[in-house]
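Heads up: the structure comes next, in structure tokens.
These numbers come from a predicted model, not from an experiment.
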Amino acid sequence: MRYGSISLALLCLYASNSFAALEVITSSEKQTLNKIEDQYDIDTLLITVNDKFSQLNKKAYDIENIKKTIVAEQNRYNELITELPKVIRAKTALADTYKKIEDSVNLVDELTLKAEQDSKLLETEKVEILSEYEVINNKRTTKSQQLFKLKTDITNRLIADLSKSTSTLPVNINGSTECSKYQTIADCLKESKSSILSNTRNESPFLNDKSVLLSYEVLDANMNMKGDLHYKVAMKFKPSYNNKIDTILNEKLGLVSAMVTLISNVPADWYVNGTKVGTGKKLFHEIPLGKHGILASYQNQDKSSVENIEGNGVFNYKFNEVASTQKVSNKPKIDTAEVKNVILKQAPKQVQPSVQQPKAKYTLFSDQTSIKLSDDDAKKNSSDNSYEYFMGVAPANKKQNIEFTNEPVNK
């Protein structure tokens with residue numbers, strides 16, 4: 001036919017399918033699923049323990065601040081001790097200096113004791129919170145076992161029903177397509193048959209591309225002058241258990257995992273159900289479907305939520321950025337202005353050479369390679385005056401011989 005190729009290009013299938021009463025999950029199986037969901041509901045538990053975990057992180061950050069204050073106060077004490085001889089010689093503000101030293105010692109002792117006590121309490125709380133997460137995880141595990149059992153029962157029922165010789169899947173379709181107005185109804189239906197079958201197999205969970213067609217009958221068909229064809233088709237297939245059914249069961253029962261993306265504007269510590277999963281501004285983490293507690297922690301800030309994971313998703317927690325170097329927090333009996341001045345003070349005055357000497361290093365003249373030593377190594381391997389070790393080079397004069405061998409000058 002002259003317009004046969006055009007009719008194929010214009011083929012556009014619109015159909016409403018009416019499948020027989022084959023169900024992936026029956027009403028009684030749905031009731032069993034609802035009972036399992038109600039029995040192992042963990043929403044309230046997750047919200048409570050997630051809040052506790054957030055408070056735990058704040059307490060840990062407070063302890064770190066106490067430790068920083070202790071270090072600052074110890075530096076202040078060292079400065080006071082260094083300046084004490086000058087104060088004694090000057091015989092001014094001696095009592096005030098002794099009082100500051102005494103207060104510094106007492107404050108360090110007080111803060112050290114508090115840090116130790118708070119750390120012990122924090123560890124106890126952490127164990128309790130993790131045990132609560134363990135209870136939730138056990139409930140989640142038991143729930144999964146119940147769901148897997150339900151899936152096995154459903155799968156066994158479906159396989160038994162679909163494998164019977166009498167098992168058929170009737171499908172009735174009311175659809176329409178565009179044909180060439182120069183085509184006959186029979187020709188247009190013949191060209192449309194493969195598309196009708198393909199769409200029917202794709203839409204039904206009980207059919208795939210290998211499903212056997214048992215019967216195909218056009219019940220009614222009519223076409224207008226524009227070439228619009230309306231039809232009614234009745235088909236029968238041999239149904240079978242396939243991957244589509246398995247995927248549907250996993251989704252309905254929540255037995256698959258999803259990939260979640262965790263995003264923040266700062267390098268946060270990320271926790272899922274109390275377990276740290278990483279640190280950074282963007283993380284990818286695989287997580288089972290269902291309810292989960294997600295928490296992001298950055299310095300003394302926490303962002304948390306309980307999420308129902310139903311598929312791949314993105315969770316974005318934004319923090320107020322805090323400077324990495326914190327000011328020493330105000331504590332009882334601490335003169336913060338003095339602590340700040342102490343930290344900024346220079347080290348005790350010592351006789352310094354007019355030109356700052358470089359750190360000790362090895363100079364290999366063969367390849368002009370210099371290997372820097374650490375401060376500790378420099379102290380171990382050099383005297384107070386830094387110098388260089390020259391390897392493989394003969395001294396050109398007496399002065400270089402003294403410098404190379406470090407021998408005293410003969411008077």
Side-chain angles (χ1 to χ4, degrees), residues 48-88 92-135 266-271 273-276 279 293 295-304 319-348 375-376 379:
T48 302
V49 72
N50 228 36
D51 289 342
K52 289 182 180 179
F53 194 76
S54 179
Q55 293 300 320
L56 185 77
N57 279 339
K58 286 184 173 66
K59 292 178 181 179
Y61 189 79
D62 289 341
I63 292 174
E64 288 302 315
N65 280 338
I66 292 175
K67 292 179 179 179
K68 291 177 183 178
T69 304
I70 291 172
V71 172
E73 191 61 30
Q74 288 173 336
N75 291 335
R76 177 172 175 264
Y77 169 83
N78 291 334
E79 292 292 333
L80 288 170
I81 294 299
T82 302
E83 296 295 324
L84 186 57
K86 291 183 180 180
V87 175
I88 293 174
T92 58
L94 188 57
D96 183 58
T97 302
Y98 281 139
K99 183 66 169 60
K100 288 180 179 180
I101 292 174
E102 181 182 356
D103 290 344
S104 181
V105 171
N106 291 334
L107 181 58
V108 169
D109 289 344
E110 177 186 336
L111 294 179
T112 301
L113 179 61
K114 179 173 175 55
E116 291 175 353
Q117 291 175 343
D118 289 354
S119 296
K120 289 180 181 179
L121 290 175
L122 189 73
E123 190 62 30
T124 302
E125 288 184 33
K126 181 180 179 181
V127 172
E128 292 175 355
I129 290 173
L130 291 179
S131 66
E132 291 184 42
Y133 272 120
E134 187 64 25
V135 171
V266 295
D269 294 326
W270 294 92
Y271 299 85
N273 301 325
T275 301
K276 187 174 180 179
T279 300
L295 184 142
S297 178
Y298 177 70
Q299 295 188 358
N300 65 338
Q301 301 178 65
D302 288 327
K303 303 288 183 181
S304 65
F319 290 85
N320 297 324
E321 293 200 42
V322 181
S324 58
T325 303
Q326 300 278 340
K327 290 183 179 180
V328 178
S329 57
N330 293 330
K331 300 290 180 180
K333 299 183 181 180
I334 297 180
D335 187 344
T336 54
E338 291 184 4
V339 172
K340 183 176 180 182
N341 290 334
V342 168
I343 295 174
L344 296 177
K345 272 186 181 179
Q346 295 181 351
D375 290 341
D376 292 339
K379 292 178 182 178

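Atom CG of Leu56 is separated from atom CG of Leu121 by 11.0 Å, given to the nearest 0.5 angstrom. Rounded to the nearest 0.5 angstrom, Leu111 CG and Asn106 CG are separated by 11.0 Å. Within the model, atoms OG of Ser119 and CD of Glu64 stand 8.0 Å from one another, a figure rounded to the nearest 0.5 Å. The CD atom of Glu134 lies 11.0 Å from the CG atom of Asn273; values are rounded to the nearest 0.5 Å. Summarising the geometry, atom CG belonging to Leu130 is positioned 7.5 Å from atom OG1 belonging to Thr275; distances are rounded to the nearest 0.5 Å.
By the 4.5 Å heavy-atom criterion applied to side chains, Tyr298 and Thr279 are not counted as neighbours. Under the 4.5 Å side-chain criterion, counting only non-hydrogen atoms from C-beta, Asn65 is not in contact with Asn300. The closest side-chain heavy-atom distance from Asp62 to Asp118 is not below 4.5 Å. The shortest distance between side-chain heavy atoms of Thr112 and Glu116 falls below 4.5 Å.
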Practice problem: Could you give me the CA-CA distance, side-chain angles and deciding distance for Tyr98 and Leu94, then say whether side chain to side chain contact (heavy atoms under 4.5 Å, CB included) is met? | Solution: CA-CA 6 Å; Tyr98 281 139; Leu94 188 57; 3.5 Å; yes

Quick one: do Lys114 and Ile66 satisfy side chain to side chain contact (heavy atoms under 4.5 Å, CB included)? Show the steps, please.
CA-CA 8 Å; Lys114 179 173 175 55; Ile66 292 175; 3.7 Å; yes

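Comment: Asp269 engages Lys276 in a salt bridge, judged by a side-chain N to carboxylate O separation of less than 4.0 angstrom. At a threshold of 4.0 Å, the pair Lys100-Asp96 counts as salt-bridged, since one of the basic side-chain nitrogens sits closer than that to a carboxylate oxygen. Checked for salt-bridge contact, Glu128 and Lys52 miss the test: no charged N lies under 4.0 Å from a carboxylate O. The residues Arg76 and Glu73 are annotated as salt-bridged, a charged nitrogen and a carboxylate oxygen being separated by less than 4.0 angstrom.
Nearest heavy atom pair, residue Ile101 against residue Ile81, reads CD1-CD1, 3.9 Å. Taking both residues in full, the closest heavy atoms of Ser104 and Tyr77 are given as OG-CB, 3.4 Å, listed atom of the first, atom of the second, then distance. The two residues Asn320 and Gln301 come nearest to each other via the heavy atoms O-NE2, 2.6 Å. Looking at every heavy atom in both residues, Ser54 comes nearest to Asp302 through O-OD2, 2.6 Å. Residues Ala296 and Trp270 come closest through the heavy atom pair CB-CZ3, 3.5 Å. Annotation for Asn50 and Ser304: closest pair ND2-CB, 3.4 Å, computed over non-hydrogen atoms.
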